[in-house]
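From a predicted model like this one, the values you see are computed outputs, not experimental measurements. Read the numbers this way: they start at 1 and go in the same order the structure lists the ligands and their atoms.
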Amino acid sequence: MTMSPAPQSPNELSGDRLDRFARHIVLPEIGGAGQVALAQAHVLVAGLGGIGAPALQFLAAAGIGKLTLVDNDVVDLTNLQRQTIYTERDIGHGKAVAARQWVANFDRALDVTISDTRITAETAPGMIEGVSLVLDGTDNFATRLAMADACVAERVPLLSAAVGRFQGQVGAFAGHLANQPCYRCYVGDAFDAEDCDTCAADGMLGAMSGWTASFAALQAVRVIVSASGGPFADGWGDPQWGQIHILDGLKPGMRTLRIAKDPACRACGHGG
Ligand SMILES: [Zn+2]
């Protein structure tokens, strides 16, 4: 007689998954319930560059069950200094395809969808349907604002992260909620048409990508687990909506800005 495996409810983790995430589960702030919330979460990573590529390592390692990876670029030799999932063999290949291969090698249990569709005001809403959280690491304001506006309209939380030179920024937004600002409340309307990708001209310390991206992954776990209930240690249960953390690699140190909701915002206020 063979032993049949115990039936798995969607609210339980199987034996090898319990082992894989044991260091999470032992934390009272995560626990079994938090790890199940991570397994049931669907995170869309917009941009698989200096933010998205290193962040993906910790999102996948955290057992985020479903990942949608969006980028229309190909891997370039100059990316390897900070976009740590790619190797020399990936040069010339699509970033989304290479990222999916990285996840497949890392954890076959994760459900990965990829897209090389450009993120625009027209395409973003369809992309994020049913998503629990968007992590936006794209490199220009027009794309960021298109994604941010779609997140407000579709009621999807947004983590917006950026890095350049020795500075990183990570902010959490839930502009669909009353009294919570959106990303457009923060940057305003001036940048819709402007491409502000200055990475090539300004340079970037590679490890700043890692610090900023892994901090963004920490905040992603915070947002997902905080929605699942307690118990929480001081500060952990707060998704930190409307707070932007500025990471300074020169000092080094971190400071936090609080963004107010703009009542006239055309995405989340009455200016639409
Ligand atoms: Zn707004």
If the plane angle is over 60° it's perpendicular, under 30° parallel, otherwise tilted; pick one for Phe215 and His245. perpendicular
Are the charged groups of Asp149 and Arg184 less than 4.0 angstrom apart, N to O? yes
Within a radius below 2.8 Å of the Zn ion (ligand 1), how many protein N, O or S atoms are present? 4
How many angstroms lie between atom CG of Leu159 and atom CZ of Arg222, to the nearest 0.5 angstrom? 10.0 Å
Just say parallel, tilted or perpendicular for the rings of Tyr183 and Tyr186, cut-offs at 30° and 60°. perpendicular
Over 12 non-hydrogen atoms of neighbours within 6.0 angstrom of CG in Asn179: no
Quick one: does any side-chain atom of Asn79 pair with a main-chain N or O of Asp76 as donor and acceptor, under 3.5 Å? yes
